[in-house]
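Just so we're on the same page: letters track the sequence lines, and every chain starts at 1.
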2 protein chains.
Amino acid sequence: MATTHFDRTTLAKRFHALSDPTRLAILSLLERGESCVCDLQGALGAAQSRLSFHLRVLREAGLVVDRKDGRWSWYQIVPDAMRPLQDALDGFVAGVGVGAGAGAAVPGSAASLVGAPRTAARATRASLGRDLPVVGMADATGCCG
Amino acid sequence: MATTHFDRTTLAKRFHALSDPTRLAILSLLERGESCVCDLQGALGAAQSRLSFHLRVLREAGLVVDRKDGRWSWYQIVPDAMRPLQDALDGFVAGVGVGAGAGAAVPGSAASLVGAPRTAARATRASLGRDLPVVGMADATGCCG
DNA sequence: TCAACGTATCTAGTTTTGTTGATTTGTCAA
DNA sequence: TTGACAAATCAACAAAACTAGATACGTTGA
């Protein structure tokens, strides 16, 4: 629990690493297991320096690790690095419809506006977000209370 | 199943919407339920136009919806929009250690390099990624095979 | 030792993002 | 009406991200 706390900057950095189609493609390939750069290059048809750039972004975000073997570099996904992201998403999903509402002034019909809260909510609840500095909101003394 | 397929561009766009601390803070606030812009503004202490900008990014990514009520705008998370992201992450996590390996040339010891594949892998397997155009890789005829 | 190879890094140019302050639009209440 | 307010949009700028080409570096095999 304690170590699962991630500041938003770290979280944002990891999400950013996922915010590019090329990097998603890389991860998609790595899903199947470790892969060397040259294979990724062949599969993606991307320029070498470009691929190297994206691998660095993923690496610096902690989403993948590399291992040198002779003249090759092998990359692999770090599952644990994905978990805080999953937790954050779980929180965003699970929280909807549960809270007391912002101002409780007008809401009401809003609940049915978007896809009704699925009962199939994830088992894993968020460990993040809930304990982040979410100031105010509680007493609904905002502008439109 | 069929509708769960998301091209990488859409997926990347949504992840990008999550790649900013301010936007994560917004979503964290919206976790508790619908909220009006002014309340978010008060809670985050962000300039109005800045908040509006970030809300637009979230809105255009489909992660939130807005609802006008008089002179106020109320924002709410769209849970369904998070699901493809969760699925993608699930795939990245679940896939590790399962695949046959890229080239099967050197791997082997690599499996223990990073956090060993948790048995507590998510129930929900990815519906994305697996069916994306992941070319090559299968026959391991790469540079370093 | 040397050439070829796989990768990382550097450079420069372009594009995208994020911030700020000003303006605009629509709504409400006096 | 008119003025105050909530929020979106615009314009201008700075910072960050992405790409491509060139180059540097370590490894390998001849």
Legend entry - Spacing between B:Lys68 atom NZ and C:dG26 atom C1', to the nearest angstrom: 10 Å
Inset, instruction - Send over the distance from A:Leu40 CG to C:dT7 P, rounded to a whole Å. - result: 9 Å
Below 3.5 Å between N/O atoms, which protein atoms pair up with nucleotides 12-15 of chain D? Just atom names and distances, please.
none

Legend entry - Candidates D:dC18, C:dT7, C:dG18 - which lies nearest the side chain of A:Asp20: D:dC18
Inset, instruction - Search all heavy atoms of B:Ile77 against all heavy atoms of B:Glu31 and return the closest pair with its distance. - result: CD1-N, 3.8 Å
Legend entry - Strand-adjacent residues in residues 47-56 of chain B, judged by heavy atoms under 4.0 Å from DNA chain C: B:Ser49, B:Arg50, B:Phe53, B:His54
Output a table of nitrogen or oxygen pairs between the protein and nucleotides 27-30 of chain C separated by less than 3.5 Å.
residue	atom	partner	partner atom	Å
C:dC28	O4'	B:Arg71	NH2	3.4

Inset, instruction - Apply the test side chain to side chain contact (heavy atoms under 4.5 Å, CB included) to residues A:Leu85 and A:Phe15: give CA-CA distance (whole Å), side-chain angles for both, the deciding distance (0.1 Å), then the verdict. - result: CA-CA 7 Å; A:Leu85 308 185; A:Phe15 275 127; 4.0 Å; yes
Inset, instruction - Starting from P on C:dG18, measure out to CG on B:Leu18 and report it in whole angstrom. - result: 12 Å
Legend entry - Whole-Å distance separating the CD atom of A:Gln41 from the P atom of D:dA20: 12 Å
Inset, instruction - Ignoring hydrogens and angles, tell me if any N or O in the side chain of B:Arg23 forms a donor-acceptor pair with the backbone of B:Ala17 under 3.5 Å. - result: yes
Inset, instruction - Verify the cluster assignment for B:Leu29 and B:Val57: are they in a single hydrophobic cluster under the rule of side-chain heavy atoms below 4.5 Å apart? - result: no
Legend entry - Check: A:Ser52 side chain, A:Ser49 main-chain N or O, donor-acceptor pair, under 3.5 Å: no
Legend entry - Those residues that, when tested against B:Thr9, pass side chain to side chain donor-acceptor pair (under 3.5 Å) (two or more places apart): none
Legend entry - Co-membership, hydrophobic cluster, residues B:Tyr75 and B:Leu44, 4.5 Å side-chain: yes
Legend entry - Of B:His16 and A:Arg59, the one whose closest DNA chain C nucleotide lies more 5': A:Arg59
Legend entry - Distance, rounded to the nearest Å, where A:Leu44 contributes CG and D:dA20 contributes P: 13 Å
Inset, instruction - Could you state the atom-to-atom distance from NZ of B:Lys13 to P of C:dT17 in whole Å? - result: 9 Å
Legend entry - B:Leu58 CG - C:dG18 P separation (whole Å): 10 Å
Legend entry - Heavy-atom side-chain proximity of B:Leu11 to A:Leu18 below 4.5 angstrom: no
Inset, instruction - Taking side chain to side chain donor-acceptor pair (under 3.5 Å) as the test, write out the residues that go with B:Arg14, two or more places apart. - result: none
Inset, instruction - Look at the side-chain heavy atoms of Ile, Leu, Val, Met, Phe, Trp and Tyr, link any pair under 4.5 Å apart, and say whether B:Phe53 and B:Leu27 land in one connected group. - result: no
Inset, instruction - Could you tell me whether the phosphate oxygens of D:dA6, OP1 or OP2, come under 4.0 Å of any side-chain nitrogen or oxygen in B:Tyr75? - result: no
Inset, instruction - Can you run down the salt bridge (Lys or Arg N to Asp or Glu O under 4.0 Å) pairs that involve residues 48-59 of chain B, sequence neighbours left out, and say none if there aren't any? - result: B:Arg56-B:Glu60
